[in-house]
Amino acid sequence: MNIGVFASGRGSNFQAILIAIQRGILPARVTLLLSNKSDAGALDVARSNGIPTIHLSQKKFSDEASFAARMLEVLKEHDVHLIALAGYLKKVPASVVRSYRNRILNIHPALLPSFGGAGMYGHHVHEAVLASGAKLSGASVHLVDEEYDRGPIVIQRAVPVDKDDTTETLAAKVLRIEHEIYPEALKAFAENRILMKEGTVWIR
Ligand code: GRF
């Protein structure tokens with residue numbers, strides 16, 4: 001399975017995916033790292049692992065259609081079978097979602113469907129969790145559809161929220177499990193163990 005990873009930031013989830021591949025746990029290859037940010041740490045991770053990179057920003061295109069067309073072209077050039085969003089802060093164009101229906105995954109640092117949606121990224125998520133008084137948070141891997149953080153959930157894992165947690169300590173706890181469940185979810189796709197049933201996803 002050829003994975004195209006999309007990232008806007010430091011790329012620690014991307015790195016976790018690469019480690020799982022290197023250890024022989026995840027039977028896949030990353031054939032492309034795409035970023036909308038020219039200074040994303042994820043680009044350095046890719047370069048130091050010999051993975052092709054592309055900087056693709058909608059700002060450089062006159063409209064969404066030409067941007068989406070270029071994105072599809074790049075995905076084809078790198079023979080990408082599955083897209084893994086790993087801290088990609090932009091919406092994937094609808095035509096790309098349609099072409100890769102049920103083949104785009106995202107990781108979110110909370111237990112969806114709570115604490116997701118537009119504006120819910122990075123520290124905003126953990127702040128909202130702490131403010132709510134929720135006793136559990138966690139991470140969710142889900143399929144991507146046309147709306148932010150809304151597609152069927154593939155894997156979730158919880159962490160306790162403690163009374164002394166800060167945004168930083170909660171983020172660190174959640175990140176640790178993100179690095180576990182993203183490679184696990186990708187492995188299930190690579191091994192064809194995904195079952196889709198009435199709009200929900202189960203791993204065999
Ligand atoms: C992670 O918390 C992920 O859940 C969210 O963005 C963050 C990316 O972190 N979608 P990293 O760049 O993988 O370190």
Side-chain angles (χ1 to χ4, degrees), residues 3-22 25-26 28 30 32-49 51 53-57 82-92 96-97 100 104-130 134 136-161 165-187 189:
I3 304 172
V5 176
F6 288 17
S8 308
R10 70 194 151 183
S12 74
N13 277 287
F14 171 37
Q15 215 151 10
I17 293 166
L18 293 177
I19 291 170
I21 293 172
Q22 282 153 12
I25 296 166
L26 171 57
V30 176
L32 171 70
L33 184 281
L34 180 148
S35 185
N36 59 308
K37 303 273 257 181
S38 58
D39 58 353
L43 288 167
D44 297 325
V45 175
R47 287 185 200 112
S48 58
N49 283 278
I51 291 165
T53 61
I54 178 123
H55 170 228
L56 201 65
S57 164
L82 185 137
I83 300 171
L85 308 184
Y88 184 66
L89 294 178
K90 294 281 174 193
K91 214 171 200 176
V92 177
V96 177
V97 174
Y100 277 81
I104 310 180
L105 290 175
N106 180 41
I107 182 135
H108 185 75
L111 296 175
L112 293 173
S114 295
F115 308 111
M120 276 293 183
Y121 61 90
H123 64 94
H124 301 293
V125 178
H126 306 296
E127 273 161 15
V129 170
L130 290 175
L136 287 175
S137 190
S140 309
V141 176
H142 66 96
L143 282 173
V144 170
D145 64 13
E146 283 81 353
E147 289 305 318
Y148 276 121
D149 303 327
R150 196 192 59 180
I153 292 161
V154 179
I155 300 187
Q156 283 184 310
R157 195 157 297 152
V159 297
V161 180
D165 266 327
T166 62
T167 314
E168 290 74 28
T169 59
L170 183 57
K173 275 196 271 190
V174 170
L175 193 64
R176 255 196 308 279
I177 58 161
E178 290 184 39
H179 296 165
E180 293 171 11
I181 67 171
Y182 215 175
E184 280 177 34
L186 290 165
K187 183 175 167 70
F189 274 81

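First listed ligand is number 1; within each ligand, the first listed atom is number 1. Just so it is clear, the values below take in all heavy atoms, side chains as well, and ignore hydrogens, waters and symmetry mates. Because the structure is a prediction, the values reported are computed rather than measured.
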Undergrad: Spell out, as yes or no, whether a donor-acceptor pair under 3.5 Å connects the side chain of S140 to the backbone of L112.
TA: yes

Undergrad: Any nitrogen or oxygen of N13 lying under 3.5 Å from a nitrogen or oxygen in ligand 1? Just yes or no.
TA: yes

Undergrad: Are any side-chain N or O atoms of K173 and backbone N or O atoms of P160, one a donor and one an acceptor, separated by less than 3.5 Å?
TA: yes

Undergrad: Identify, for atom 8 (C) of ligand 1, the protein heavy atom at the shortest distance, and state residue, atom and that distance.
TA: G87 CA, 3.6 Å

Undergrad: Without swapping roles, check the side chain of N106 against the backbone of H142 for a donor-acceptor pair under 3.5 Å.
TA: no

Undergrad: Which of the numbered atoms in ligand 1 are under 4.0 angstrom from any heavy atom belonging to S12?
TA: 11 (P), 12 (O), 13 (O), 14 (O)

Undergrad: With a cut-off of 4.0 Å, which atoms of ligand 1 are near a heavy atom of E178?
TA: 1 (C), 2 (O), 3 (C), 4 (O)

Undergrad: For atom 9 (O) of ligand 1, find the nearest protein heavy atom and state the residue, atom name and distance (0.1 Å precision).
TA: R10 NH2, 3.4 Å

Undergrad: Nearest protein heavy atom to atom 10 (N) of ligand 1, by residue and atom, and its distance?
TA: I107 O, 2.9 Å

Undergrad: Does a donor on one side chain sit under 3.5 Å from an acceptor on the other, for S12 and H179?
TA: yes

Undergrad: Between Y148 and M120, is there a donor-acceptor pair closer than 3.5 Å when you use the side chain of the first and the backbone of the second?
TA: no

Undergrad: Does any N or O of ligand 1 fall below 3.5 Å from an N or O anywhere on L175, backbone included?
TA: no

Undergrad: Do G11 and ligand 1 have an N or O pair less than 3.5 Å apart?
TA: yes

Undergrad: Could you check whether any side-chain N or O of S35 sits under 3.5 Å from a backbone N or O of A7, counting only pairs where one atom can act as donor and the other as acceptor?
TA: yes

